[in-house]
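Here the structure comes first, spelled out in structure tokens, and everything after it is commentary.
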Amino acid sequence: MQSYSLLARVFLLLALAATSAWAVEIDDAKVEKWIGAGYTKAGEAVGDAKTKIAKLYTVEELKQGWTRLKHCRDLGNADLHLAAAEHYVFARLIAASQGDTAYRKLPKWYETAKSFANKLDLEKYIQSSDQPVSPVNAKVTKWGENGIERGLADYKQLTGQDPKAGSAAVETLIASSYGLYYYPHRKATGVCDVQAP
């Protein structure tokens with residue numbers, strides 16, 4: 001009987017830990033500042049983050065912004081506001097570069113995969129650096145979804161073509177995103193050149 005009681009307590013603690021990570025409050029203004037800082041060249045003042053986010057960027061500029069934020073995370077910055085910003089910029093980059101509306105599935109899919117990995121102690125399979133995987137958070141996922149929508153709008157402005165479902169197979173989307181996001185798996189060195197909000 002005691003073993004069942006101990007097991008019940010362990011499950012309760014795990015559920016509480018998962019719930020607390022899920023419920024961490026994300027301040028949208030802080031996320032916007034991180035995004036704006038990612039789009040700002042080193043040494044320049046960030047200025048108004050909303051103006052930076054609203055600007056139309058080339059795919060190469062989007063990639064540079066994402067690379068800068070990803071580097072800060074890979075150096076060990078575990079701030080969930082930075083995670084949300086980096087997810088937004090990555091999602092915007094892939095949607096703007098390909099115009100594939102099927103990418104709308106990706107943020108929710110990643111949230112599900114991360115939840116599964118966390119529960120089964122398989123985080124090493126979704127790590128993109130030597131730093132721990134950030135906890136699952138609904139607002140971080142929402143920022144990824146916002147990035148997809150903005151990226152699809154960027155695609156239309158950059159190419160003059162309407163976004164369309166280019167790949168019905170979520171596996172293709174995952175594979176192409178994985179290639180960009182996770183490969184090569186490396187240890188980050190240097191310093192974060194993004195001015196933290």
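In this chain, residues are counted from 1 in sequence order.
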Which residues pass the side chain to side chain contact (heavy atoms under 4.5 Å, CB included) test with Ala91, not counting sequence neighbours?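 Once residues adjacent in sequence are excluded, the partners of Ala91 under the side chain to side chain contact (heavy atoms under 4.5 Å, CB included) criterion are Ile148.
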Applying side chain to side chain contact (heavy atoms under 4.5 Å, CB included) to Lys55 and not counting sequence neighbours gives Tyr57
Does [X] have any side chain to side chain donor-acceptor pair (under 3.5 Å) partners at least two apart in sequence or in another chain, and if so, which?
{"X": "Asp27", "answer": "none"}
{"X": "Gln157", "answer": "none"}
{"X": "Lys50", "answer": "Glu32"}

Using every non-hydrogen atom in the two residues, find where [X] and [Y] come nearest and quote the distance to one decimal.
{"X": "Ala85", "Y": "Trp34", "answer": "CB-CB, 3.5 Å"}
{"X": "Asp162", "Y": "Lys156", "answer": "OD1-NZ, 2.7 Å"}
{"X": "Thr58", "Y": "Leu158", "answer": "CA-CD2, 4.4 Å"}
{"X": "Val59", "Y": "Leu93", "answer": "O-CD1, 3.6 Å"}
{"X": "Ala54", "Y": "Arg150", "answer": "O-NH2, 2.9 Å"}
{"X": "His81", "Y": "Glu25", "answer": "NE2-O, 4.1 Å"}

Got [X] and [Y] here, is their nearest side-chain heavy-atom distance under 4.5 Å?
{"X": "Glu149", "Y": "Arg104", "answer": "yes"}
{"X": "His87", "Y": "Arg73", "answer": "yes"}
{"X": "Thr67", "Y": "His71", "answer": "no"}
{"X": "Leu106", "Y": "Tyr103", "answer": "yes"}

How would you list all residue pairs meeting disulfide bond (SG atoms under 2.5 Å apart) that involve residues 36-67, not counting sequence neighbours? none
Using the disulfide bond (SG atoms under 2.5 Å apart) rule, collect all pairs that involve residues 32-97, keeping only residues at least two apart or in two chains. Cys72-Cys192
Between atom NZ of Lys52 and atom OG1 of Thr40, what is the distance when rounded to the nearest 0.5 Å?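 Going from the NZ atom of Lys52 to the OG1 atom of Thr40 covers 3.5 Å.
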Mind checking the OG1-CG spacing from Thr101 to Leu152? Nearest 0.5 Å is all I need.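 One gets 7.0 Å once the value is rounded to the nearest 0.5 Å.
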Would Gln98 and Tyr155 count as having a side-chain donor-acceptor pair, cut-off 3.5 Å?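 Note: Gln98 and Tyr155 side chains miss the donor-acceptor criterion.
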Same cluster or not: Ile35 versus Ile94, using hydrophobic residues (I, L, V, M, F, W, Y) connected whenever any side-chain heavy atoms lie under 4.5 Å apart? yes
Return the set of residues passing salt bridge (Lys or Arg N to Asp or Glu O under 4.0 Å) with Glu61 (not counting sequence neighbours), or none when no residue passes.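 If we apply the salt bridge (Lys or Arg N to Asp or Glu O under 4.0 Å) test to Glu61, skipping adjacent residues, there are no hits.
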Those residues that, when tested against Asp193, pass salt bridge (Lys or Arg N to Asp or Glu O under 4.0 Å) (two or more places apart):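 Arg68.
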Which donor-acceptor pairs under 3.5 Å do the side chains of residues 41-48 make with protein atoms, sequence neighbours left out?
{"unit_1": "Asp48", "atom_1": "OD2", "unit_2": "Thr51", "atom_2": "N", "d": "3.1"}
{"unit_1": "Asp48", "atom_1": "OD2", "unit_2": "Thr51", "atom_2": "OG1", "d": "2.5"}

For Trp143, check ring-ring contact (aromatic ring centres under 6.0 Å, His included) against everything at least two apart and list the hits.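 For Trp143, the residues satisfying ring-ring contact (aromatic ring centres under 6.0 Å, His included) (neighbours in sequence not counted) are Tyr88.
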Could Asp28 and Lys139 be called an ion pair, given the rule that one side-chain N must be under 4.0 Å from one carboxylate O? yes
Salt-bridge contact Glu86-Lys70 (side-chain N to carboxylate O under 4.0 Å):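 Here Glu86 does not pair with Lys70 in a salt bridge, since their nearest N and O are not under 4.0 Å apart.
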Does the side-chain contact (heavy atoms from CB on, under 4.5 Å) test come out yes or no for Asp154 and Leu62, once each step is laid out? CA-CA 10 Å; Asp154 291 342; Leu62 291 171; 4.1 Å; yes
